[in-house]
Asks: 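Sharing a structure below in structure tokens format, with a few things to ask.
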Amino acid sequence: MDITLMYYLIPSLIMFCCGVYGFITRKNMIAILISLELMLNAVDINFVVFNRFLFPGQLEGMFFTLFAIAIAAAETALAIAIIINIFRVAKNIDVRDLTKMKF
Amino acid sequence: MDQITSILILALPLCMFLLLGIFGNKMSHKMAGILGTLGMGVTLILAYSTAFTYFFSGNELFVDAAGNRLQHLVFDQTWLAFTQHLVIKLGFLLDPISAMMLVVITTISFMVHLYSLGYMHGETGFQRYYAFLSLFSFSMLGLVVATNIFQMYIFWELVGASSYLLIGFYYTKPSAVSASKKAFIVTRFADLGFLIGILILSFYTETFDFMTMTNAPENVLASTGGAVFMGGSVLTWALVLIFMGGMGKSAMMPLHIWLPDAMEGPTPVSALIHAATMVVAGVFLVARMFPVYLMEVTALEIVTVVGALTALYAAIVACTQVDIKRVLAFSTISQIAFMMVALGVARPDIHEGVGYMASMFHLFTHAMFKALLFLGAGALIHAVHSNDYTAMGGLRKYMPVTHITFLIGCLAIAGIWPFAGFFSKDEILVAAFENNALWGVWMTAVAGLTSFYMFRLYYRIFWWNEPDYEHHGHVPHDAPWTMTLPLIILAAVSVVAGFIPFGELVTWSREAYEIHINWTVAGTSIAVAVAAIALATVMYRKENELPDKLASRFKGLWTAAHHRFYFDELYMFITHKIIFNLISRPIAWFDRHIIDGTMDMFATVTNKVSYAIRGLQSGNVQTYVWVYLLGTLLIAAVAVICLV
């Protein structure tokens, strides 16, 4: 049995959709952050897979993924710092209660 | 005549303006005044040497073998070259009238600089005053040496601007501010005509150069190709419009209304700008373009009529004014009108164009004696602290120097032999008689009026009855030497200037011409002047009832003249009632409601829509993501549908 492109893309799509679903429905900000990471990882998989199957002789997709991982790590650190600060101020990390930034 | 000197003549006053304007506040008053005066003194020496070289050196650049004077371009630099024909140059043209004007401007300007050291002593803004004086001197010198009409226009506007600045020198005084605005607006309005005239003329001739135009005026006429506009040839229209600019600057009726109000400025400024130099720019302009004017005699006739009417009008009004500076202002208007008439009646075939020479001669002598009179008036105002002659009287005992010099000025303007005014006025009257007896008689009558109002002023100031000076705790006395010295110098010039052989120096064709005094005309004018002086003596030498009786006898005329024949009221009526109501208000309404209204509508609609949809920004992050997701999906769907 040949392992084709689709074998990777379909799990990646499922991951991405899970991420979107979690981002929209979760109340806890940490959970939202995890959903975000899920989406990012789905995209990373796509990069690697497309690189592997469409341009086998090159490495751009791989490197891009490495960069994305690094930036995602930084971003997570930043996001957690923000969440901690929000918790200190509001004693709450339920995103549906944090609606101060409006008209 | 080298280029360096000519550039220095212009550059020195300009540098003085920049120096005093920028660093003046860091200097003491004395320092600024002396710097300005010294700068002007050096300019005076340079200008004198230039004029002297031009007139008397006999250099082949300046005079040809036959003894005719030549026009000499010291330099003529291209400044802006837009197209092949539309080239604007800046240069230095030396010919009899510009050389003469160099002398006049620098002399009067230097005298005024010197005089102001005393007159403006201790005024706030002393440095600013000297800076503006230098700016004015620079602009006026640039105007007279202009090589082309566009350069003249540039400097024309510059003298207007410096006149505005100096009239409004006491800018905390509302009357001075409104007078400066009035002067600027009226002359700007006239300059609109000037500009249109320049554009018409240069459109046909394809040149701005004075020399190209005046050396071959028939080409100017030919270039218009006989085009006619509203019953007059295009050239006539152009020349009349250019003359309109001159009317504004030289305060010819009906654009004279700014000059009497311009007396709000410091008195030395009135002497320099509003008596001797700037106001004769209009005369100078017509003289500069004179050969072209000769091509269209209609334009010259308009100049004559405007001049003659203005001369009479201003002379009558001058007889009824109380403010001594206003009497002198109207006298200036009247005398400039004399010069205009002289130009207007000059024809080369009559008496070798004597009118042109007479006009320039009168310009020269008038500058001297009118500056003298104004500076004398300044000394009086300085002593009495009032502009009205009602506060003066009997001053001959208190201010002997001012008295004698003022008397010399009055005799000069009245045209009594051997004072300067006699010679120049005689030539003007000869020219007027040669052209048309009507103008001759008319101008002789105006000359009589001139003598009358000048001696009325003289007697009211120095004789009449003496007010109680001690009562005011201040006995008038002669001014310090910085003020009396210019008076004495100018008085001396006013005595001897008439003997300058002007005909050999300045004529329209630049050929030498010998002045013959026509004793019939001269005798008549002296007789009229003496009679007028005698009348003034009877009426004003001692306090009496006669002037009041006469005033009530001719009440209508006297009141009208006292109100300057209601010209200001007429202007107020035209501008406020007609122009404001019928033109300005509808335009303002259109601007406010239609143009602003459209813009306001855009703003209001944007505002309303924003309020209506602002609820969308709920602050709930997950709603935003939903909307974003749906939008992305929608766009993706549309893209898929379109591509498939």
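Chain letters run A, B, ... following the sequence lines, proteins first, then strands; residues in each count from 1. Predicted, not measured: the structure shown is a model, and the values here were computed from it.
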Asks: Is it the side chain or the backbone of I32(A) that comes within 4.5 Å of chain B heavy atoms, both, or neither?
Replies: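 The side chain, not the backbone.
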
Asks: Could you tell me if the side chain of F17(B) sits less than 4.5 Å from the side chain of L133(B), heavy atoms only?
Replies: no

Asks: Donor-acceptor pairs under 3.5 Å, side chain of residues 67-81 of chain A to any protein atom, not counting sequence neighbours: which ones?
Replies:
residue	atom	partner	partner atom	Å
T76(A)	OG1	E37(A)	OE2	2.9
T76(A)	OG1	A72(A)	O	2.6

Asks: Check every N and O of chain A against chain B and note each donor-acceptor pair under 3.5 Å, with its distance.
Replies:
residue	atom	partner	partner atom	Å
F23(A)	O	Q622(B)	NE2	2.8
I24(A)	O	Q622(B)	NE2	3.1
R26(A)	O	Q622(B)	NE2	2.6
R96(A)	NE	Q622(B)	OE1	3.2

Asks: Are L165(B) and L135(B) close enough that some pair of their side-chain heavy atoms sits under 4.5 Å apart?
Replies: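 Yes - at least one pair of side-chain heavy atoms lies under 4.5 Å apart.
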
Asks: Do N41(A) and F16(A) have side-chain heavy atoms sitting under 4.5 Å apart?
Replies: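 They are not in side-chain contact.
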
Asks: Does any heavy atom of chain A fall under 4.5 Å from the side chain of L629(B), the backbone, both, or neither of them?
Replies: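 Side chain only.
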
Asks: According to the interplanar angle, ranging from 0 to 90°, do the rings of F155(B) and F138(B) count as parallel (below 30°), tilted (30 to 60°) or perpendicular (above 60°)?
Replies: perpendicular

Asks: Do I154(B) and F150(B) have side chains that get closer than 4.5 Å, going by heavy atoms?
Replies: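 Counting from C-beta outward, I154(B) and F150(B) do come under 4.5 Å.
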
Asks: Using a 4.5 Å cut-off on heavy atoms from C-beta on, say whether the side chain of L86(B) contacts that of F208(B).
Replies: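 Side-chain contact under 4.5 Å: yes.
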
Asks: Side chains of I88(B) and F82(B): closer than 4.5 Å at any heavy-atom pair?
Replies: yes

Asks: Taking all heavy atoms of A131(B) and all of G21(B), pick out the closest pair and write down the distance.
Replies: CB-N, 3.7 Å

Asks: Under the rule for side chain to side chain contact (heavy atoms under 4.5 Å, CB included), what residues qualify as partners of L241(B), not counting sequence neighbours?
Replies: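 Checked L241(B) against side chain to side chain contact (heavy atoms under 4.5 Å, CB included); matches are I196(B), I200(B), M244(B).
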
Asks: In residues 46-63 of chain A, which residues are in contact with chain B at a heavy-atom separation under 4.5 Å?
Replies: none

